[in-house]
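Down below is the structure, laid out as structure tokens.
Just so we're on the same page: letters track the sequence lines, and every chain starts at 1.
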There are 4 protein chains.
Amino acid sequence: MTTKQKLKEAAMRLFGEKGYDGTALSEIAKEVGVKTPAIYAFYENKEDLFMTVFREAMDSYNTYVQELSGEKKKLGAKESLRRVLARQYEFYQRHREESVLVLRYVVFPPVFLKETIEQAFLNSDGLLTSIIEQFILQGMEEGSIPDQSLQPLVDAFLNVMDGLAMQYFYYTSKEVYERKLNHAFDTFWNGVSS
Amino acid sequence: MTTKQKLKEAAMRLFGEKGYDGTALSEIAKEVGVKTPAIYAFYENKEDLFMTVFREAMDSYNTYVQELSGEKKKLGAKESLRRVLARQYEFYQRHREESVLVLRYVVFPPVFLKETIEQAFLNSDGLLTSIIEQFILQGMEEGSIPDQSLQPLVDAFLNVMDGLAMQYFYYTSKEVYERKLNHAFDTFWNGVSS
Amino acid sequence: MTTKQKLKEAAMRLFGEKGYDGTALSEIAKEVGVKTPAIYAFYENKEDLFMTVFREAMDSYNTYVQELSGEKKKLGAKESLRRVLARQYEFYQRHREESVLVLRYVVFPPVFLKETIEQAFLNSDGLLTSIIEQFILQGMEEGSIPDQSLQPLVDAFLNVMDGLAMQYFYYTSKEVYERKLNHAFDTFWNGVSS
Amino acid sequence: MTTKQKLKEAAMRLFGEKGYDGTALSEIAKEVGVKTPAIYAFYENKEDLFMTVFREAMDSYNTYVQELSGEKKKLGAKESLRRVLARQYEFYQRHREESVLVLRYVVFPPVFLKETIEQAFLNSDGLLTSIIEQFILQGMEEGSIPDQSLQPLVDAFLNVMDGLAMQYFYYTSKEVYERKLNHAFDTFWNGVSS
DNA sequence: GATGAATGAGCATTCATTCAT
DNA sequence: CATGAATGAATGCTCATTCAT
């Protein structure tokens with residue numbers, strides 16, 4: 001793997017773990033086995049490295065989420081919605097570094113990123129919203145969800161997702177997390193389908 | 001107000017907004033109208049100042065939550081649970097700085113705080129759990145919640161709370177947030193009570 | 001003498017000798033017997049230190065020049081003009097560091113100083129011009145200088161001064177310099193008075 | 001034009017404008033449209049590039065001056081001397097970059113150049129002196145200059161030249177400069193011929 | 001309590017230079 | 001010839017911290 005790629009990965013992990021200000025370029029370089037100035041052969045400066053890495057993580061998350069919409073017809077609404085949570089969980093597990101980074105900086109953006117990130121977040125949020133809407137509409141068509149206005153259900157589901165996002169990062173136990181995921185979803189579905 | 005108090009407040013806000021590493025003692029001092037070394041008259045060092053401030057924020061949050069349990073008998077279970085969310089929201093609004101700080105460092109603790117914070121969090125979490133349990137039991141006694149095992153409902157409710165916590169910090173609009181809060185709770189209660 | 005003062009003097013000499021870019025703050029600090037960051041207790045940054053020092057040198061030169069005009073009546077025009085050169089020479093000798101600095105940066109200003117310096121130079125130049133004018137007028141009144149238009153003589157005298165300024169810095173020998181000064185002035189006066 | 005030649009020209013301009021320490025090799029390379037290490041194919045290091053360029057500028061100036069001596073018989077002494085100034089002026093205009101460089105580093109040589117430059121300067125100065133001497137002697141033979149010792153007149157003329165050199169770099173206006181040149185020379189000639 | 005002076009440690013960044021390709 | 005990758009050395013600057021006053 002190229003030095004540039006390795007720098008990106010080290011940066012991803014360290015920026016995620018210790019934050020932008022808490023991560024020295026020298027640490028990133030050291031992890032890659034290179035001296036600090038070598039970074040400047042690939043990135044303009046610390047901010048550039050961070051932004052590159054952050055954008056990539058964000059894109060990776062968005063792509064992951066977007067792929068859900070391709071599968072809508074195969075499953076019932078309930079299973080589709082559960083799959084959304086499962087997929088989010090899968091992303092956290094397979095791309096832990098990206099997840100941490102995205103979550104961290106979406107909730108606590110450094111000043112110089114605030115605007116860019118809000119933009120990116122609204123984008124991603126809108127995408128997700130429309131996917132959820134489709135699944136819920138599907139549920140109404142199927143009859144598994146009674147006819148009612150859409151927004152409350154979408155809001156509730158997004159709330160479940162956000163709650164699970166936070167919990168993923170402070171409940172380290174797989175079992176506990178999966179239990180919480182199931183309980184949250186079951187209660188949600190109960191509320192939606194009755 | 002004493003310098004010490006003023007330092008605590010400035011530190012609270014700045015540590016919350018810009019993070020531990022992103023906040024220089026000189027900034028805190030400047031906000032208070034004092035030179036940096038003056039801080040050392042009250043706090044051993046940066047870490048000490050941070051810990052003091054963090055602990056206080058955490059305590060403030062815990063106290064706020066704890067006060068809920070005193071009121072259990074006056075209201076029905078549904079209203080009591082809704083009040084929990086309302087109270088959390090109230091805390092965010094009245095003590096925005098404390099909220100940001102607690103949320104930020106519970107989810108992303110700096111290395112030197114990891115252990116302390118996990119302890120504190122488990123504590124707070126346990127407290128909250130038992131309060132929620134009581135309200136749900138009350139609901140079962142009242143008949144507003146069908147008999148069933150407790151944990152799923154508690155997990156679901158805590159998840160609603162966590163979701164709302166995150167959302168408070170990235171949806172800045174009051175109206176949007178309140179809508180999301182109501183929709184999340186209504187769906188939860190629908191799922192729980194049916 | 002205070003550290004601040006000592007810093008200024010070291011900066012004056014080093015900036016004059018080795019230029020702005022050729023002088024590291026660490027050198028200045030070292031000469032004063034202090035570590036580099038101590039500089040920041042007194043000056044905002046390198047540019048600030050330089051500007052302070054430069055402005056002071058410029059002021060010092062201007063003051064020196066200005067003092068000439070107070071003495072006009074005591075001497076004949078010829079002696080007064082010769083005294084201007086003598087006084088400039090005296091300034092170079094007594095304030096060698098200031099001289100070098102002023103000359104260096106008036107002729108070769110760094111980009112960030114161009115404007116400020118041009119301003120300061122025009123100021124100083126105007127001052128000097130009017131002093132020379134007075135002495136020449138005095139010469140005409142006395143009859144030592146034939147009536148004629150002023151500007152050619154002023155231009156010629158200022159040119160003598162500029163030439164001597166340059167020569168001071170590349171002819172290190174006192175004797176040679178003084179000879180050149182006398183020859184230049186004598187020829188000038190010959191040209192002016194005939 | 002060859003890369004080597006282009007490098008020399010870029011170096012000439014940049015070293016003249018911003019000084020040796022203020023000019024990065026990368027800037028020079030960028031102006032030529034080449035990467036920094038390419039420079040090392042032609043020059044041993046920065047110093048070598050600088051010295052090459054400086055020597056060339058110095059030679060160019062010397063050659064220019066030397067060419068004056070070939071023409072001595074065609075004109076009267078006065079016109080010949082005026083031509084020296086005109087030619088110097090012409091050189092400044094046609095070879096502005098070279099002029100700046102020569103002037104800058106003759107007056108303010110960097111440490112590593114001091115010796116070389118003093119040598120070169122004395123050489124050039126001697127050359128110029130002997131040319132001026134010839135013209136003045138010619139004037140005496142012609143009778144346009146009264147018999148007298150040579151040195152004062154040579155010194156005075158060189159002073160005029162030096163003054164004009166300095167002024168060329170801080171009076172940007174062509175008209176002003178030409179006026180100053182004429183006034184300086186006329187006064188000089190007046191002084192010399194009477 | 002509070003401050004001015006000072007510092008050690010560290011950081012982002014620049015730059016001249018090297019070397020394999 | 002020219003470049004990409006890499007580095008050692010240095011630079012300006014920041015920051016937490018100390019200490020005498």
Side-chain angles (χ1 to χ4, degrees), chain A residues 2-4 6-7 20-30 32-50, chain B residues 2-4 6-7 20-30 32-50, chain C residues 2-4 6-7 20-30 32-50, chain D residues 2-4 6-7 20-30 32-50:
Chain A
T2 90
T3 296
K4 187 170 183 179
K6 283 195 256 175
L7 282 170
Y20 181 80
D21 293 304
T23 304
L25 290 184
S26 59
E27 285 179 85
I28 297 174
K30 184 170 248 171
V32 174
V34 103
K35 306 294 178 187
T36 311
I39 295 178
Y40 291 85
F42 307 101
Y43 301 95
E44 273 189 24
N45 50 36
K46 192 183 182 182
E47 202 173 310
D48 180 30
L49 171 57
F50 178 82
Chain B
T2 104
T3 296
K4 187 170 184 179
K6 282 196 256 173
L7 282 170
Y20 181 79
D21 292 303
T23 304
L25 288 185
S26 59
E27 282 180 87
I28 298 174
K30 183 172 248 169
V32 173
V34 102
K35 306 290 178 188
T36 314
I39 296 177
Y40 290 83
F42 307 101
Y43 302 94
E44 272 188 27
N45 50 36
K46 191 182 183 183
E47 205 173 308
D48 180 30
L49 171 57
F50 178 82
Chain C
T2 90
T3 297
K4 188 171 182 177
K6 282 193 259 174
L7 282 169
Y20 181 80
D21 292 303
T23 304
L25 290 185
S26 58
E27 284 180 86
I28 298 173
K30 184 169 249 169
V32 174
V34 103
K35 307 294 177 186
T36 312
I39 296 178
Y40 291 85
F42 307 101
Y43 302 94
E44 272 188 27
N45 49 37
K46 192 182 182 182
E47 204 174 309
D48 179 31
L49 171 56
F50 177 83
Chain D
T2 104
T3 296
K4 188 171 183 177
K6 283 195 257 173
L7 282 170
Y20 181 79
D21 292 304
T23 304
L25 290 185
S26 60
E27 282 180 86
I28 299 173
K30 183 172 248 170
V32 174
V34 102
K35 305 293 176 183
T36 313
I39 295 177
Y40 289 84
F42 308 100
Y43 303 94
E44 269 188 30
N45 50 34
K46 191 182 182 182
E47 205 173 308
D48 179 30
L49 170 57
F50 178 83

- [ ] Look only at the side chain of B:Lys6 and the backbone of B:Gly33, and say whether a donor-acceptor pair between them is shorter than 3.5 Å.
- [x] no

TODO: Let me know the distance between CG of D:Leu7 and C1' of F:dA2, rounded to the nearest Å.
DONE: 12 Å

Task: Whole angstrom value for the distance that separates C1' of E:dC15 from CD of D:Glu47 - done: 15 Å

Task: Whole-Å distance separating the CD1 atom of A:Ile39 from the C1' atom of E:dT14 - done: 14 Å

TODO: Could you grab the distance from atom CG of C:Leu49 to atom CD of C:Glu47, nearest 0.5 Å is fine?
DONE: 11.0 Å

Task: Nucleotide F:dA16, atom C1' - distance to CG of B:Asp21 in whole Å - done: 12 Å

TODO: Using a heavy-atom cut-off of under 4.0 Å over every strand shown, decide if B:Thr36 touches base, sugar-phosphate, or nothing.
DONE: base

Task: Rounded interatomic separation in angstrom, taking CG from B:Leu25 and P from E:dT7 - done: 20 Å

- [ ] With heavy atoms under 4.0 Å as the rule, sort D:Thr2 into base, sugar-phosphate or nothing.
- [x] nothing

TODO: State which of E:dT7, F:dC13, E:dT13 makes the closest approach to the side chain of A:Asn45.
DONE: E:dT13

Open item on the list: Regarding B:Thr3, tell me which of base, sugar-phosphate or nothing describes its non-hydrogen contacts under 4.0 Å with the strands shown.
Closed with: sugar-phosphate

Open item on the list: Both D:Ala24 and B:Pro37 contact DNA chain E. Which one's nearest nucleotide lies toward the 5' end?
Closed with: B:Pro37

Task: B:Lys46 NZ - E:dA9 P separation (whole Å) - done: 18 Å

Open item on the list: Rounding to an integer number of Å, can you tell me how far A:Lys30 NZ sits from F:dT7 P?
Closed with: 13 Å

Task: Under 3.5 Å on both distances, the Watson-Crick or G-U partner of F:dC13 - done: E:dG10

Open item on the list: The side chain of D:Ala38 is closest to which nucleotide in this list: E:dA6, F:dT3, E:dT17?
Closed with: F:dT3

Open item on the list: Can you tell me how far apart CG (A:Asn45) and CD1 (A:Ile39) are? Round to the nearest 0.5 Å.
Closed with: 11.0 Å

- [ ] Give one of base, sugar-phosphate or nothing for C:Phe42, where a contact means two heavy atoms less than 4.0 Å apart.
- [x] sugar-phosphate

TODO: Return the value, rounded to whole Å, for the distance between atom OH of B:Tyr40 and atom P of F:dT17.
DONE: 3 Å

Task: Contact nearer the 5' end of DNA chain F, comparing C:Glu27 with D:Gly33 - done: D:Gly33

Task: Base-pairing mate for E:dA20 - Watson-Crick or G-U, with both contacts under 3.5 Å - done: F:dT3

Open item on the list: Nearest to the C:Lys35 side chain among E:dG8, F:dC19, F:dG12, which nucleotide is it?
Closed with: E:dG8

Task: Inter-residue atom distance C:Thr36.OG1 - C:Lys46.NZ, 0.5 Å rounding - done: 11.5 Å

Task: Between OG1 on residue B:Thr2 and CG on residue B:Leu7, distance to nearest 0.5 Å - done: 7.5 Å

